Structures are given as structure tokens and as C-alpha cells.
Amino acid sequence: MPHGAAHAILSDLPFRREQPRSPPPVRELVADLFRDALAAAVEAGEVTLPEVPEVRIERPRDPAHGDWATNVAMASAKAAGMNPRQLADVLAARIADHEDVAAVEVAGPGFINLRLSAHALQRVLVDVREQGAAFGRIDEGGGRRVQVEFVSANPVGPMHVGHGRWAALGDSMARVLEHAGWDVEREFYINDQGVQMDTFAKSVAARYLELCGRDVEFPEEGYRGAYIVEIAREIHTEEGEAWADASEAEREAHFREKAYAQVLEHLGRVLSGMGVEFDVWFSERTLHELAPESGASAIEHTIERLREAGHIYEHEGATWFRSTEFSDDKDRVLKKADGSYTYFAADIAYHADKYDRGFDRVINIWGADHHGYVKRMEAAVAALGHEDKLDVVIGQLVNLFRAGEVVRMSKRTGEMVTFEDLLDEVGPDAARYFFLRRSTDQPLDFDIALAKEQSSENPVYYVQYAHARICAILRKAAGADTSDEGVDIAATAAEFVRADAPLGLLDSDPELTLMRKLAEWPEVVEIAARQLAPHKLTRYAEDLAQTFHQFYTQCRVVDPDAPELTAARLYAVDATRVALATVLSLIGVSAPERM
RNA sequence: GCCCUCGUAGCUCAGUGGAUAGAGCGUCUGCCUCCGGAGCAGGAAGUCACAGGUUCGAAUCCUGUCGAGGGCACCA
């Protein structure tokens, strides 16, 4: 492609006059183009329409059809009494001369295809560089508060690999929602009450007594993992054998708390190790505690609230929630005949508490084994008057492979690879990246060997390599030794990448393709946030990395014989760096300057 | 038995009403005097499980069949 002589310097163009702001995503601009064209055509009397329909635009599947397409002519042809192609021709003619439009054509039954001008695409580079890490930030959330509750493992054992995936999902979802304008809080619900805790305590106590040389029978349903023995050994070392002669109840109560504290510490440490931090750790026990003023627990309060609303009845000594009124399969017991509360009762109280805390929306990430539980929870939330404010995302499980071979695990025998083991072996970047690559409700095959591989077959390296490669180019342009460990390119790029670079020179195919890909990012954020689908991020990351590698192969960046083109390309390359780093930050993976 | 999720290229998966259904891996064929080859270009590869329906248009929505996985407690 020829580089014309009279390219305008971007900084002289009108759009540069305005001060930094969050420019509307390209799609908004395109939608406005079509909207205005239709309105103008109606005004001019070329088209008669009772009312102007909502203009929907989309990206054509086939890039040969252009950057954007709309079916508005087909959608409103009937109302306008024209055939779709005729109407499309009228609209196309009205937008053909706009400075952001390179080409417009009517295709098929009446699609209007539009190709953005190089000018419109070059402007995206300025957006990226001006917004930095905020590039792609949108305001869909409008500052509303959303809580994301995830992992929520029972504190009775180490995190398994599935927990790790849900942690990556929840944290990334939270990051995406933040980028989409939501005020996000991350919460971990600790099921620290109930039979599992009892079983846990009994299991540790039994191992402890074994260490003391006592003859004990291990509880039939007890946890047999090696970690139980470790916890018991620790207590044995620290506190000696005094507990062997204590009463069973005392011993188990003590061990329950000791072991619980250890597991909580483990959970926090492992999650922290992969960059996941919670704002709130919510203990189920607090829901059972009696409030001093009322003498009643949060659970009792919540049941009373439902009773007043007419959703509660007594039957055969138990207290029931009429969840079938809210399209559950059957009614559910909240308070058992023996006077204790079901897990569900506590969970309703927990959700009531969430909404009392003022969240506009609550998102739960639950393991696949809880999906039969979704309907009744939705019913309960609806009965509390918060219909449509709950999203339950089901996180499917992870199957571990090693070079194609299934890694066998058994919870009963305690033979398993914990999430911590996996993290130690593949590192947090690969773990997080792989966990996000599949859609949430899809079981995931995780190949440990592949995750560790440093080759193009490993997508996380492919993406990170693009970032490192960009940094190498920038180092070279800055005159630094490429292998110089002391150069921090992210910090210094701003100084030597010229703000007045002649971006008009960027009009070859690889350059335009790169800019088009960058322009997509705000839409990716929007879709990922709306669909709660963080796997869109990894997909986009790989797309952007690939587009960059293609550009790199075809376009020499640093060329002493062409300083102006070099300046423009450096500008584009640095924008790509910023965008890649932003995408990776939402995935929760590092953007290395060297590898 | 009932409910939920899912059947798309050899494999792993994108694609929640639009045009000739896409990507990675695998498999062939090419590309290093050159900013990081951890890269790039090209080829072959499909009855979108099956059968009906809805409409201008269906991988996508509805119904049924077949197949896979998960869930069915006064358990958590």
C-alpha cells in the first residue's frame, strides 16, 4: 500500500481538541451513523416510516463483508413500504461520505456493510494510549453494587482443582465487572457449621488418638486424606497427649477449632498465591448465633420474614417453605422436626443478609454438584422480594491429564492432586489462564504437561510472548540493550513514543487489521460482563496476540531510514502493549517484559 | 422415573435469529543476511447427533427421539 505524501498529523485533527474522556466505543459511533442516516432520510421525505426502529448493528462473520453490518433496511422495509435493497441503497448513499467510512455497500437481501476508514481506526490508537489500563472501561454497571460469591469451599480439607478453577472464574468475572463499571465485592462463604465440621473433628481426633498409641476405630464416614494425619500430628507435637484423656466432646470441640483455623489459613494462602483476595469471609456460624437484643438468630428472623409474607407452613413437626409457589419442584424443609435448621435455611438467611447489605445484584459461582440447588435458591430469593437480582453460575469440574493420561483421584482414599500441588507445578499464570479458556459450564480437561510447556502450543506463552516481543522492540527503539534487565519499558515508553507520530502513515493491511482488533476490546468487555463469560477474554487475548505477530512479520517497526514511519509504528506497537497488558490483567495473568 | 447441562473438523472447543459455520492442536507444504522462530504463510479436513416445527432467514428458538454428564434428602 502506498503511503500518500499529504497525510495529516493526527494531533491536528479535530477529535484531538477535546480533553481526555472515555470516548464511546466504535460501535456506538457506527450505530449513530446508521441512526442519523435513517432519521435524515425520513426528514428528507425519501422514506416514510411511522417510527424509526431501533438500529441493530453487528460484526459480519466474514471479514470480507466489512467491519460492521446492519439489517435495519430489512427490518424496516415492510413498515416503509419499500423493498429492503431499495431502502438500503438510500441509507448507504447517506453515509458513504462520512470521514469514518471507507466503503459502504448493500449486499444480499438488504444488509448494509460498512468498512471503517483508516482515519477512524488510527484514532483508536490514540484512545488506547490515552486511556492506558482503563482502555475498554465501559459504564454498563453504572456504579451499581454487585457481590460475587465464589469458591466457598467447606473448611474441612485442602482446595481441590475444581475450587481453583472457580477461584479463577470468580476473580476474573469480578475484574471484568469492575472494568464494565460495576462496584464489585468478592466474598467467600464458609460453611463452618454442621455435620461436615463434626466429621472433620472426629477424623482429626481419631488420628490424634492413634498417634497417642490409643486403640481407636476410625469413623466410618471420616476423612481419610493424609492432611488429616498432618493436622493431628501438629496438634500432637504442640500440645502433647493431654487431649487423649479429655472427654470426647471436649476433645472434638478443641480439635474442630484448631483444624478449622489451619484449613482457613491454607485457603487464604493458596488463593493469595494465585492473586485472589476476598473482601469478605462470611461465616455460616454467625447466622446461627442468637442476637442479644432479640434472642433470635438471623435464620429465625428470616423464617419469620417469610412467614409474614405467607410462604411458610408447618407439617409433621417441621417448618416448610412453600417454594413450589416460585416454580421449585417441591416444597423444602427449613426447620427439621428435631428443631435444627437445614443448610438451605441458613443459605436463605445468608442471601437475605446479602441484599440487606445493599447489593443491587448477587452472583454465586457454585460447583456443578450444586446445580440441583439453583431452583430452590432462586425461589427463596424471589420470596424475599429480590427476584431478578440473583445469578447463579455453575462452574464445571476439572479433569486432570498429564500428557494425555488421566490423573486418577479418589476422595475416599485421600489419593489426590490438590490445587496447591497444581499451582506449585504449573504456576499461577498457566493455571489461571487454562481455567478460563473454556466456557464456565463446560467441563475442562487440564493437561499439566501442556500447561508447563514453553512453546506455541501453550496459549498462555503465545500471548505473553507477544507482550514480551513488543517490549523487546520498544527496548531496541529506546536504544537499550535488548537483554538489559534494568530497563522498565512500560515506564519509559511514554517518553520516547512520540505523541505527534504521523499515524496517517498506518494504512497497510496488517496495520489496519491490528487497529481493528484493538477497537474490538470494549465490545469484548461488554459481552464478557453481560454474559458472565470470562473465557471471552482468553479468546480475545489469543486473537490480539496473533494479529500482532502477523503485523510483526510483515511490518518492520524500527527502521532508521524511515523515522516517520518508525514513529507511527512505535505508537501502534505501544498501544498494542497497553491493550495486551490490560486484557491479561483482567484474566489475572502477568504481562512479562522478558521471558 | 423426574429435573438440569451438553452433542459443531481426527482431538479440544468458539459461535445465545443473519450472508459460503470458525479457531487452536494434530496432519501435509513452505518461510530465518532482518526489531525475540516461544514466530509467520498456505493446503486437506463438516449431514452443526437425528426428526419435525416456528419465519423472509435456525448450529442458535419450540417439540420429540437417541447419546453423554450431573442433580434428585427433615444431608451439607
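Small disclaimer: the values here were computed from a predicted structure and weren't measured. Order of the sequence lines fixes the chain letters, A, B, ..., with proteins taken first and strands second; residue numbering starts at 1 for each chain.
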Check whether the side chains of A:E187 and A:Y350 place a donor and an acceptor atom closer than 3.5 Å, and report yes or no.
yes
Within the 4.0 Å limit for protein heavy atoms, which parts of nucleotides 14-23 of chain B are touched? Write it as a string from 5' to 3', B for base, S for sugar-phosphate only, - for none.
SSB-BB-SB-
Could you run through nucleotides 70-76 of chain B and give me one letter per nucleotide, 5' to 3': B if any protein heavy atom sits under 4.0 Å from the base, S if only the sugar-phosphate is that close, - if neither?
BSSSBSB
Can you check side chain to side chain donor-acceptor pair (under 3.5 Å) on A:Q396 and A:D441, steps first, answer last?
CA-CA 5 Å; A:Q396 282 290 348; A:D441 54 5; over 6 Å; no
B:C4: syn or anti, per glycosidic angle within 90° of 0:
anti
Do the side-chain N and O atoms of A:T319 and A:E314 include a donor-acceptor pair separated by under 3.5 angstrom?
yes
Hey, what's the ring geometry for A:H311 with A:F321, parallel, tilted or perpendicular (30° and 60° as the breaks)?
perpendicular
What nucleic acid atoms does A:A346 come within less than 4.0 Å of, heavy atoms only: base, sugar-phosphate, or nothing?
nothing
What are the atom names and distances for every N/O pair under 3.5 Å that joins the protein to nucleotides 26-29 of chain B?
residue : atom : partner : partner atom : Å
B:G26   : OP1  : A:E457  : OE2          : 2.9

The side-chain contact (heavy atoms from CB on, under 4.5 Å) partners of A:A253 (sequence neighbours excluded) come to A:R256
Positions of residues 429-436 of chain A (non-hydrogen atom under 4.0 Å from RNA chain B), listed by number
none
For the ring pair A:H266 and A:Y227, is the centre-to-centre distance below 6.0 Å?
no
Writing each nucleotide of RNA chain B 5' to 3' as (, ), [, ], | or . by Watson-Crick or G-U pairing under 3.5 Å yields (((((((..((((....[...)))).(((((.......))))).....(((((..]....))))))))))))....
So what does A:E593 hit on the nucleic acid, given a heavy-atom distance under 4.0 Å: a base, only sugar-phosphate, or nothing?
base
Please state whether the rings of A:H370 and A:Y373 are parallel, tilted or perpendicular, taking 30° and 60° as the class boundaries.
perpendicular
Going by the angle between their ring planes, with limits at 30° and 60°, are A:Y552 and A:F548 parallel, tilted or perpendicular?
tilted
If we count only N and O atoms by modelled type, under 3.5 Å, do the side chains of A:E495 and A:T492 hold a donor and an acceptor together?
no
Taking the nucleotide of RNA chain B with the closest heavy atom to each, which residue, A:K375 or A:D445, is nearer the 5' end?
A:K375
Just checking, is any N or O donor in the side chain of A:Y313 or A:D331 under 3.5 Å from an acceptor N or O on the other one?
yes
